[in-house]
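Okay, so here's the structure we're looking at.
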2 protein chains.
Amino acid sequence: MKTLKSIIDKKMENREFREAFDEYEKEFQIAQKIIQLRKKSGMTQSELAKKANTSQSAIARLESGEHHNITLAFLHKVCNAMNIIPEIRFKKTGL
Amino acid sequence: MKTLKSIIDKKMENREFREAFDEYEKEFQIAQKIIQLRKKSGMTQSELAKKANTSQSAIARLESGEHHNITLAFLHKVCNAMNIIPEIRFKKTGL
DNA sequence: GATAATTATATCATTCGTGATATGTTAGCC
DNA sequence: GGCTAACATATCACGAATGATATAATTATC
């Protein structure tokens with residue numbers, strides 16, 4: 001029986017796919033976190049955009065998690081508008 | 001007497017300058033960390049570049065800390081080549 | 001000091017993220 | 001239903017990061 005999991009597991013054996021998937025997941029997590037933080041601060045996308053000197057569409061794009069190539073400058077800018085500081089830590093992988 | 005610190009402190013009163021400075025410092029920290037991790041793994045810039053599918057000049061640029069607009073994708077790529085995962089955490093500022 | 005290895009800097013083309021605007025979609029409210 | 005607010009999506013110009021290459025500068029080794 002071909003479950004979705006079995007298909008993904010098979011794909012995961014491929015290094016490129018695995019890395020792309022992991023990266024995508026991380027960006028998605030960032031997107032989710034941004035949404036969470038924005039709602040907690042009680043702002044709409046437009047309000048946050050204005051405070052961060054950007055556009056509502058840019059915020060929507062960030063929160064969509066589709067583009068996994070955001071710049072650190074942009075992330076900082078958005079976070080600053082929410083009184084948040086994004087910190088980066090470097091951890092060893094399992095390998 | 002005009003010390004360097006007094007001049008910087010004065011500039012720090014300006015919001016834009018302060019944010020730019022803070023951001024610059026963070027990028028510089030990332031750059032330093034990358035250098036540290038690369039040396040610990042015993043690779044040259046060229047070796048790391050090859051492993052990360054980029055160029056030696058790109059690694060040098062990253063490590064120089066001059067460009068504070070690196071993309072997360074690029075950071076991930078370089079880190080992956082060192083078996084490192086960059087994690088992002090969101091912290092509240094003092095305000 | 002010469003030579004080689006490593007890193008820094010410069011330049012250019014290309015790709016891609018961002019800003020901006022407009023428009024589509026959805027959900028809630030009257 | 002119509003209306004409004006909030007969010008999603010599309011498109012385009014522009015600027016900036018990246019890839020690539022070459023070359024200068026630095027460091028290490030002899």
Side-chain angles (χ1 to χ4, degrees), chain A residues 16 19-82 84 86 88 90, chain B residues 15-17 19-82 84 86 88 90:
Chain A
E16 276 191 42
E19 288 179 2
F21 187 86
D22 289 346
E23 186 178 315
Y24 172 79
E25 255 208 330
K26 281 201 198 332
E27 293 300 328
F28 193 68
Q29 285 172 15
I30 291 177
Q32 292 300 322
K33 196 71 187 174
I34 294 290
I35 294 175
Q36 197 180 94
L37 292 170
R38 175 175 63 79
K39 298 211 163 162
K40 190 187 286 183
S41 66
M43 303 171 86
T44 66
Q45 288 183 345
S46 296
E47 290 168 332
L48 176 56
K50 189 175 181 182
K51 225 180 166 190
N53 270 316
T54 180
S55 60
Q56 178 264 331
S57 68
I59 300 293
R61 268 189 305 220
L62 171 60
E63 292 186 354
S64 75
E66 283 176 4
H67 294 104
H68 34 249
N69 268 356
I70 61 176
T71 62
L72 285 180
F74 184 67
L75 186 61
H76 276 123
K77 203 162 81 168
V78 174
C79 286
N80 276 340
M82 298 189 291
I84 298 286
I88 299 184
F90 299 89
Chain B
R15 184 169 169 276
E16 277 192 41
F17 177 84
E19 287 178 3
F21 186 85
D22 289 345
E23 187 178 314
Y24 173 78
E25 255 210 330
K26 281 197 200 334
E27 293 300 329
F28 192 68
Q29 285 171 17
I30 292 177
Q32 292 300 322
K33 195 70 185 173
I34 294 291
I35 295 175
Q36 196 179 96
L37 292 169
R38 176 175 62 78
K39 296 209 165 165
K40 191 188 285 184
S41 66
M43 304 172 85
T44 65
Q45 288 184 346
S46 296
E47 289 168 334
L48 176 56
K50 189 176 181 183
K51 224 179 166 189
N53 268 317
T54 181
S55 60
Q56 176 265 333
S57 67
I59 300 293
R61 268 191 305 224
L62 171 61
E63 293 186 354
S64 75
E66 284 176 4
H67 294 105
H68 34 250
N69 268 356
I70 61 176
T71 62
L72 284 180
F74 184 66
L75 186 59
H76 276 123
K77 203 163 79 167
V78 173
C79 285
N80 277 339
M82 296 188 293
I84 298 285
I88 299 184
F90 300 90

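Because the structure is a prediction, the values reported are computed rather than measured. Per chain, numbering begins at 1; letters A, B, ... match sequence-line order.
- The distance from atom NE2 of A:H76 to atom P of C:dG17 is 18 Å, rounded to the nearest whole Å.
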Run B:I34 and B:M82 through side-chain contact (heavy atoms from CB on, under 4.5 Å) and show every step you take. CA-CA 9 Å; B:I34 294 291; B:M82 296 188 293; 4.2 Å; yes
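- Rounding to whole angstrom units, CG of residue A:L48 and C1' of C:dT18 are separated by 15 Å.
- An OP1 or OP2 oxygen of C:dC16 is reached within less than 4.0 angstrom by no side-chain nitrogen or oxygen of A:N69.
- Counting only heavy atoms from C-beta outward, the side chains of A:T54 and A:L62 never approach each other to under 4.5 Å.
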Intermediate values then yes/no, side-chain contact (heavy atoms from CB on, under 4.5 Å), B:I30 and A:L72: CA-CA 11 Å; B:I30 292 177; A:L72 285 180; 3.6 Å; yes
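- B:I59 contributes atom CD1, which lies 10.0 Å from atom OG1 of B:T44 (distance to the nearest 0.5 angstrom).
- Each of C:dT18, D:dA17, D:dG19 was ranked by its minimum atom distance to the side chain of A:K77; first place goes to C:dT18.
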Kindly give the atom pairs (protein nitrogen or oxygen, nucleotide nitrogen or oxygen) under 3.5 Å for nucleotides 3-9 of chain D.
| from | atom 1 | to | atom 2 | distance (Å) |
| --- | --- | --- | --- | --- |
| D:dC7 | OP1 | A:R38 | NH1 | 3.0 |
| D:dC7 | OP1 | A:R38 | NH2 | 3.4 |
| D:dC7 | OP2 | A:Q45 | N | 2.8 |
| D:dA8 | OP2 | A:Q45 | NE2 | 2.6 |
| D:dA8 | N7 | A:Q56 | NE2 | 3.1 |
| D:dA8 | N6 | A:Q56 | OE1 | 3.2 |

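- Atom CZ in A:F74 sits roughly 5 Å away from atom P in C:dG19 (whole-Å rounding).
- For B:A81 against B:M43, the heavy-atom pair with the smallest separation is O-SD, 4.4 Å.
- The two atoms that bring A:E47 and A:G42 nearest to each other are OE1-O, 3.9 Å, heavy atoms only.
- Among the protein residues, B:S55 comes within range of the nucleic acid bases, having at least one heavy atom under 4.0 Å from a base atom.
- Distance CD1 (A:I70) to P (D:dT18): 13 Å, rounded to an integer number of Å.
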